[in-house]
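The chains referred to below are lettered A, B, ... by the order of the sequence lines, with proteins before strands, and numbering in each begins at 1.
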Protein chains: 2
Amino acid sequence: MVSIISVAKAAGVSNKTVSRVINGEPYVTEETRERVEKAIRDLGYIPNMAARLIRSSRSNTFGIITDYVSTTPYSVDIVRGIQDWANANGKTILMANTGASSKREAEIWKMFQSHRIDGVLYVTMYRRTVDPEAGDVRIPTVMINCRPQTQELLPSIEPDDYQGAQDLTRYLLDRGHRKIGYIRLNPILLGAQLRLDAFRKTAADFGLAETDLSVRLGMEGPVGAEKNYVFAVATEMLQQKDRPTAIMSGNDEMTIQIYIAAMALGLRIPEDVSIVGFDDFRTVSLALKPELTTAALPYYDLGLEGAELLNSVVAGNKARPSSRVVPCKLVERTSVQSVSLIPSGRNA
Amino acid sequence: MVSIISVAKAAGVSNKTVSRVINGEPYVTEETRERVEKAIRDLGYIPNMAARLIRSSRSNTFGIITDYVSTTPYSVDIVRGIQDWANANGKTILMANTGASSKREAEIWKMFQSHRIDGVLYVTMYRRTVDPEAGDVRIPTVMINCRPQTQELLPSIEPDDYQGAQDLTRYLLDRGHRKIGYIRLNPILLGAQLRLDAFRKTAADFGLAETDLSVRLGMEGPVGAEKNYVFAVATEMLQQKDRPTAIMSGNDEMTIQIYIAAMALGLRIPEDVSIVGFDDFRTVSLALKPELTTAALPYYDLGLEGAELLNSVVAGNKARPSSRVVPCKLVERTSVQSVSLIPSGRNA
DNA sequence: ACACGCGATGTCGACGTTGTCATAAAAATA
DNA sequence: TATTTTTATGACAACGTCGACATCGCGTGT
């Protein structure tokens with residue numbers, strides 16, 4: 001392999017001078033610099049990161065630990081955000097999945113250490129609390145889409161599920177909906193409770209009674225093997241005599257089933273029922289007709305800001321182990337209609 | 001940082017002996033081995049990969065170059081397959097996305113080289129031909145889900161789109177369907193043509209006339225900004241007097257729209273129309289009711305076998321620049337009904 | 001003419017590992 | 001017992017890079 005030394009020889013300078021050129025240090029004549037650069041080009045020299053790391057003990061590498069994230073369609077955007085940041089800032093990314101095995105997680109931490117990673121981004125597919133198996137390891141860590149379960153506070157970045165659900169509820173309220181159904185996400189997910197709380201609170205603040213709200217559980221059970229009641233529950237909800245004029249659902253994936261349930265009952269969307277989702281999982285939200293109004297989870301930004309935050313932690317900004325929250329953005333499409341347009345007799 | 005030397009000191013042996021223990025080399029007394037292992041545990045020593053690499057010029061690292069793959073819900077399973085393999089075989093994975101920028105791609109190759117990567121897995125989101133910007137780089141490479149456009153043959157692993165579509169078509173034929181609609185994938189995707197060919201050929205071999213087949217284009221345009229005609233086309237297809245008893249679609253995502261189109265026309269699935277998808281993108285195929293019969297693309301296996309193949313190439317098996325093809329598996333669910341059960345008058 | 005400062009370059013060692021070779025002790029063989 | 005082989009261990013160099021420090025030459029001010 002061609003090293004700094006061969007380049008030095010070819011350019012007729014010392015290896016140190018080559019090093020200077022590579023790293024853009026001062027005190028090199030324009031003329032030598034050019035000679036060295038030519039030699040580098042001619043020989044196709046590429047710096048050896050490993051040697052650099054061994055010398056300077058700075059790997060310029062971040063590790064990503066995920067549960068299933070790279071495996072799941074939802075939060076891949078977190079990874080994309082991280083990669084874009086890394087790319088723009090000359091960092092390298094090492095990525096590994098635990099597959100929810102804590103033995104595997106311990107191995108990953110070891111692997112990261114053996115690569116002398118500068119910092120770790122701990123990412124989960126669903127927003128939840130976790131207990132990193134970092135052991136006695138002391139690598140700067142930022143949590144994305146999750147928060148540490150226990151004592152030791154690590155900085156974290158999470159989506160604002162509450163605000164997202166609040167916006168969505170207001171949106172429906174503003175359009176005259178007064179009977180609203182809600183099909184709940186799997187309650188073991190952190191976001192589920194927050195979204196439900198926001199829905200209830202917002203509706204109550206607006207003056208709706210608990211009886212104006214139909215709240216049903218759509219899914220439950222361990223992630224990856226959950227029971228799915230959505231279709232049945234939606235069907236039941238829409239068959240009520242006094243059925244809701246709008247249904248809000250835990251996520252966009254569940255919404256597919258709500259659409260189908262509604263249509264199977266001969267209901268038109270949005271003329272007969274308005275529907276809103278959550279996530280803006282575009283494979284679904286754009287494929288549904290009418291296209292789905294939903295709250296976009298800021299996954300990409302989570303990744304971007306997480307990397308940025310980790311970088312500042314690594315750089316020494318001891319910083320607050322703050323828990324930052326990133327807002328969701330309401331994406332308005334065509335699955336909601338103002339209630340004044342709904343024939344009034346219809347709902348009786 | 002605790003190095004091999006501190007361990008050696010703690011155990012009262014030479015650094016070389018510690019190295020022997022770490023690498024499981026022979027010629028170490030059981031007694032010393034234990035002493036060294038204890039020191040390692042006590043000090044929390046973790047080998048430094050960079051130093052190891054610099055000495056032995058073997059990084060035990062593979063690189064993954066993708067276009068959008070980590071970004072897209074479809075083929076993340078390829079990555080999972082690779083990671084699982086790497087995990088099981090003690091390799092590290094470095095991953096980077098080109099985002100379809102060839103400037104970026106060149107940078108990535110450089111980055112990979114600077115990490116002295118052993119080999120590269122070139123992965124694309126959709127099956128297509130590509131022209132790797134490897135430049136004069138000579139890193140062993142295996143292509144997954146794509147094939148080299150030009151002269152230089154690199155080994156590649158691809159899904160068997162033809163066989164998948166063939167199986168699906170036969171499945172419908174076997175169940176008595178004789179009028180079949182087909183909504184095409186974006187024709188710029190390599191799989192699109194193969195699937196269509198398989199559909200046509202299989203139907204023709206069975207004795208169907210071209211007029212028994214309704215073939216329509218569902219999508220076109222550049223990836224990421226394609227035009228989507230699926231809903232309109234499906235609606236039109238299902239309104240024909242002599243409408244198909246079954247519809248096959250380019251992929252599961254398109255199928256959502258076909259379901260909705262059918263239901264909006266008051267058609268029941270599968271009683272009035274049978275539907276099959278392609279991909280087994282489970283977020284969709286399981287969310288649809290009835291659940292979707294579809295052909296599973298072997299993404300996970302593509303990744304697994306690709307990594308395996310790359311490993312053997314790296315190990316020196318010059319091997320044939322073979323183009324291996326992995327079969328799709330038909331996943332039978334409930335969206336298809338045998339045609340004998342369809343009221344015969346209905347279709348006239 | 002002389003010391004001085006500064007820009008440009010070089011020498012050398014260190015980072016953590018492992019490969020090569022040497023050496024010492026123990027075991028096998030003559 | 002002498003000699004060879006085997007097992008166990010260590011000394012040392014080298015991998016590619018960069019930091020600390022040394023050197024050299026040249027223009028400046030006195």
*Contact class for B/T32 vs. all strands (heavy atom < 4.0 Å): base, sugar-phosphate, or nothing?*
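Sugar-phosphate contact only - B/T32 comes under 4.0 Å of backbone atoms but never of a base.
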Between [N] atom [atom2] and [X] atom [atom1], what is the distance in whole Å?
{"X": "B/R58", "N": "D/dA14", "atom1": "CZ", "atom2": "C1'", "answer": "20 Å"}
{"X": "B/R35", "N": "D/dA8", "atom1": "CZ", "atom2": "C1'", "answer": "12 Å"}
{"X": "B/L53", "N": "C/dG19", "atom1": "CG", "atom2": "P", "answer": "13 Å"}
{"X": "B/R33", "N": "D/dT9", "atom1": "CZ", "atom2": "C1'", "answer": "13 Å"}

_Nucleic acid footprint by protein, nucleotides 16-28 of chain D - heavy-atom cut-off 4.0 Å, B for base, S for sugar-phosphate alone_ = BBBBB--------
Expected rows: protein N/O vs nucleotides 4-7 of chain D N/O, under 3.5 Å:
unit_1	atom_1	unit_2	atom_2	d
D/dT7	OP2	B/Y27	OH	3.4

*asked:* Go through it in stages, so that I can follow the logic: the residues are A/D67 and A/T98, the test is side-chain hydrogen bond (donor to acceptor under 3.5 Å, both in side chains), and I'd like the CA-CA distance, side-chain angles, deciding distance and then a yes or no.
replied: CA-CA 5 Å; A/D67 45 2; A/T98 66; over 6 Å; no
*Which pairs, with at least one residue in residues 299-308 of chain B and sequence neighbours excluded, count as a side-chain hydrogen bond (donor to acceptor under 3.5 Å, both in side chains)?*
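Matches after skipping sequence neighbours: B/D84-B/Y300, B/W85-B/E308, B/E305-B/R324.
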*Hey, are A/E107 and A/R104 close enough for a salt bridge, meaning a charged N less than 4.0 Å from a carboxylate O?*
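Result for this pair is yes, salt bridge flagged.
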_Between A/E31 and A/R35 (salt bridge meaning N to carboxylate O under 4.0 Å), is one present in this structure?_
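Answer for the salt bridge query: yes.
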*Rounded to the nearest 0.5 Å, what's the gap from CG on B/N60 to OG1 on B/T92? Could you check?*
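Answer for the CG-OG1 pair, B/N60 versus B/T92, is 7.0 Å.
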*asked:* As an exercise, state the distance from CD1 of B/I54 to CD1 of A/I54, rounded to the nearest 0.5 Å.
replied: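 Here the interatomic distance stands at 4.5 Å.
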*Is there side-chain contact between B/E158 and B/L190, with heavy atoms separated by less than 4.5 Å?*
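With C-beta onward as the side chain, the pair touches.
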*C/dG10 phosphate, OP1 or OP2: any side-chain N/O from A/T17 under 4.0 angstrom?*
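True: A/T17 side-chain N/O within range (under 4.0 Å) of C/dG10 OP1/OP2.
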*So, does A/N23 use its side chain to make a donor-acceptor pair with the main chain of A/S19 at under 3.5 Å?*
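Indeed, once roles are kept as given, a pair shorter than 3.5 Å links the two residues.
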